[in-house]
K.L.:
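This is the structure I want to talk about, given as structure tokens.
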Amino acid sequence: MKIIVTGGAGFIGSNFVFYERKRHPEDRIICVDSLTYAGNLETLKSVLDDPGFRFVKLDIRDREGVYKLFEEEKPDIVVNFAAESHVDRSIENPTIFLETNIIGTSVLMDACRKYGIGRYHQVSTDEVYGDLPLDRPDLFFHEDTPIHTSSPYSTSKASADLLVGAYHRTYGLPTTISRCSNNYGPYQFPEKLIPLMIANALADKPLPVYGEGLNVRDWLYVEDHCKAIDLIIRKGTVGEIYNIGGHNEMRNIDIVKLICDYLGKPYSLIEHVTDRKGHDQRYAIDPTKIHKELGWLPETKFADGIRKTIQWYLDNKEWWENIVSGEYQNYYKKMYGNREVLDGKEPEA
Ligand code: NAD
Ligand code: DAU
């Protein structure tokens, strides 16, 4: 079977490529990625010479390029990870989010219609459901929870989901959608909470916690997400949406303290800074459907996953130090330089 994996040079996409090559070595993976700031060919170095793998530098908005690739490869399945994925960046500049996440998705699905595929899978997010209040721990996101987005990022992802539904209903495109909670693990770009806090703590830099740090996320080890997608594309029902989550809710402040504990760093590094605009309070997924229909359950406990993740960042300093030494410095200044420090200390670049 031939599978096109878009966004495979990013965090979850690369982990999915590794998972598929190991789990289904008989399949061929064609990785499409335009290598934005978040895509890194270095991440894929272990598979670049693998005969069952091909890397193609291509933007999913490039209709001609995408059609040419489909014509050449005639894929059976397309799994779309390619996206602008960082909420804070979407607040700064929504346009590229609309272009990649919505237009890019439509170009891929048009190619699927034109050349015929067995399955188009859209990798979506729990953020399309908006947020839940902190004082209602009994509430969870179900697949039929109404879409109610907060940020330009989540709105672009929700728009793409609606388009996927439309292509299924209108054109009969064989689609599936998965909506997953927050992932953590190897190769996550250090702009996201966990790797950012690890990198800053190791450099004894301030740990910028938005507001009081009481917002709750439902953390899932990236390999468990990859396993879920693998099951959906092979055994899931066409036209369906599957929620993926680990029932592992944690407050941001507790995650940051845990990282300090693991690295032997003092909590005095923690700085409470101006909150994210429109900051979602709590995400919590009900994964009953994927468990009942496909037998999926998360396998990595948070205590093991976070230990493995921190160890990975310790063992692979070169990978992330290359990232944080370049353009990232400007990004960091721009995103964090203007945040007021709520406890009297100045944030460092
Ligand atoms: P990421 O930012 O690490 O990677 C995105 C990848 O897409 C990068 O390699 C980038 O170069 C590529 N890309 C961006 N624009 C492109 C374009 N126009 N054409 C081709 N490639 C392009 O993101 P991630 O965290 O790995 O997320 C992957 C997917 O999973 C996204 O669709 C995201 O919405 C979704 N998701 C992420 C999480 C999470 O916790 N990270 C949770 C649920 C869902
Ligand atoms: O829920 C799935 C989503 O999870 C994905 O769709 C997104 O692509 C992914 O980026 C992630 O979004 P979040 O906004 O939840 O992740 P982020 O790592 O940016 O932030 C996690 C929490 O930590 C959030 O409440 C904001 C807070 N935070 C984040 C950063 C970067 C801080 O307090 N300080 C920070 O410096």
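Note: hydrogens, waters and symmetry copies are ignored here, and every other heavy atom, side chains too, is used. What you see is a predicted model; the values in this text were computed from it and never measured. Residue indices begin at 1 and follow the sequence shown.
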K.L.:
Testing the basics here: between Asp33 and Gly39, what is the closest heavy-atom pair and its distance to 0.1 Å?
P.N.:
OD1-CA, 4.3 Å
K.L.:
Is it the case that Asp126 and Ser181 place a side-chain donor and acceptor less than 3.5 Å from each other?
P.N.:
no
K.L.:
Would you say the side-chain atoms of Tyr115 and Glu71 include a donor-acceptor pair closer than 3.5 Å?
P.N.:
yes
K.L.:
Quick check against the 3.5 Å criterion: does Asn252 have a side-chain atom that pairs as donor or acceptor with the backbone of Leu214?
P.N.:
no
K.L.:
What pair of heavy atoms forms the shortest contact from Thr176 to Gly239, and how long is it?
P.N.:
CG2-N, 4.5 Å
K.L.:
Whether the His121 and Ser178 side chains hold a donor-acceptor pair (N or O, under 3.5 Å, no angle test) is what I'd like checked.
P.N.:
yes
K.L.:
Do Phe81 and Ile229 have side-chain heavy atoms sitting under 4.5 Å apart?
P.N.:
yes
K.L.:
Would you please indicate if the ring centroids of Phe140 and His247 are separated by under 6.0 Å?
P.N.:
yes
K.L.:
Could you pull out the closest heavy-atom pair between Met250 and Phe302, with the gap in Å?
P.N.:
SD-CE2, 3.4 Å
K.L.:
Measure up the Tyr313 and Trp320 rings against each other and bin them: parallel (under 30°), tilted (30 to 60°), perpendicular (over 60°).
P.N.:
tilted
K.L.:
Looking only at heavy atoms, which two atoms of Ser151 and Glu127 are closest? And how far apart?
P.N.:
OG-OE1, 4.3 Å
K.L.:
Output yes when a side-chain donor or acceptor of Lys292 lies under 3.5 Å from a complementary backbone atom of Pro287, and no otherwise.
P.N.:
no
K.L.:
Once you measure the plane-to-plane angle for Tyr187 and Phe18, does it fall in the parallel (<30°), tilted (30-60°) or perpendicular (>60°) bin?
P.N.:
tilted
K.L.:
Output yes when a side-chain donor or acceptor of Asn316 lies under 3.5 Å from a complementary backbone atom of Trp312, and no otherwise.
P.N.:
yes
K.L.:
So if I apply the side chain to side chain contact (heavy atoms under 4.5 Å, CB included) rule between Ser14 and each of Thr43, Leu41, Val47, Val222, which one comes out positive?
P.N.:
Thr43
K.L.:
Give a yes/no verdict on a cation-pi contact between Arg339 and Tyr210, requiring under 6.0 Å between NZ or CZ and the six-membered ring centre and an angle within 45° of the axis.
P.N.:
yes
K.L.:
Please examine the side chains of Val79 and Ile4, heavy atoms only from C-beta on, and report whether any two atoms are closer than 4.5 Å.
P.N.:
no
K.L.:
Between Leu173 and Cys112, which heavy-atom pair has the shortest distance, and what is it?
P.N.:
CD1-CB, 3.8 Å
K.L.:
Would Asp27 and Lys2 pass as an ion pair if we require N to O under 4.0 Å?
P.N.:
no
K.L.:
Under 6.0 Å between the ring centres of Tyr328 and Tyr331?
P.N.:
yes
K.L.:
Side chains of Tyr221 and Asn15: donor-acceptor distance under 3.5 Å anywhere?
P.N.:
no
K.L.:
Count I, L, V, M, F, W, Y as connected when their side-chain heavy atoms are under 4.5 Å apart, and connections chain through other members. Are Met109 and Val32 then in the same cluster?
P.N.:
yes
K.L.:
Taking atom types as modelled, is there a side-chain donor on Asn243 or Tyr129 under 3.5 Å from an acceptor on the other?
P.N.:
yes
K.L.:
Is the shortest heavy-atom distance from the side chain of Ser154 to the side chain of Thr125 under 4.5 Å?
P.N.:
no
K.L.:
Any side-chain to backbone donor/acceptor pair from Thr100 onto Phe97? Under 3.5 Å, distance only.
P.N.:
no
K.L.:
On the ring face of Tyr267, is Lys257 found with NZ or CZ under 6.0 Å from the centre and within 45° of the axis?
P.N.:
yes
K.L.:
Indicate whether the side chain of Gln311 and that of Asp315 have a donor and an acceptor atom separated by less than 3.5 Å.
P.N.:
yes
K.L.:
Any Lys/Arg nitrogen of Glu73 or Arg54 sitting under 4.0 Å from an Asp/Glu carboxylate oxygen of the other?
P.N.:
yes
K.L.:
Roughly how far, to the nearest 0.5 Å, is the NZ atom of Lys277 from the CD atom of Glu92?
P.N.:
7.0 Å
K.L.:
Is the shortest distance from a Lys or Arg side-chain nitrogen in Glu299 or Lys227 to a carboxylate oxygen in the other one below 4.0 Å?
P.N.:
yes
K.L.:
Would you say His24 and Asp230 are linked by a side-chain donor-acceptor pair, where the criterion is simply a distance under 3.5 Å?
P.N.:
yes
K.L.:
Considering only NZ, NE, NH1 and NH2 on the basic side and carboxylate oxygens on the acidic side, decide whether Asp304 and Arg307 come within less than 4.0 Å.
P.N.:
yes
K.L.:
Do you see a donor-acceptor pair shorter than 3.5 Å between the side chains of Glu191 and Tyr37?
P.N.:
yes
K.L.:
Tyr262 and Ile198: same hydrophobic cluster, using ILVMFWY side-chain contacts below 4.5 Å?
P.N.:
yes
K.L.:
Would Met1 end up clustered with Val56 when hydrophobic side chains under 4.5 Å apart are linked, directly or stepwise?
P.N.:
no
K.L.:
Give a yes or no answer on whether the side chain of Arg282 reaches the backbone of Leu139 with a donor-acceptor pair at less than 3.5 Å.
P.N.:
yes
K.L.:
Is a salt bridge present between Arg63 and Asp110, judged by a nitrogen-to-oxygen distance below 4.0 Å?
P.N.:
yes
K.L.:
Have Gln122 and Tyr120 got a donor and an acceptor in their side chains that come within less than 3.5 Å?
P.N.:
yes
K.L.:
Think Lys192 forms a cation-pi with Phe11, using NZ or CZ under 6.0 Å from the six-ring centre and within 45 degrees of its axis?
P.N.:
no
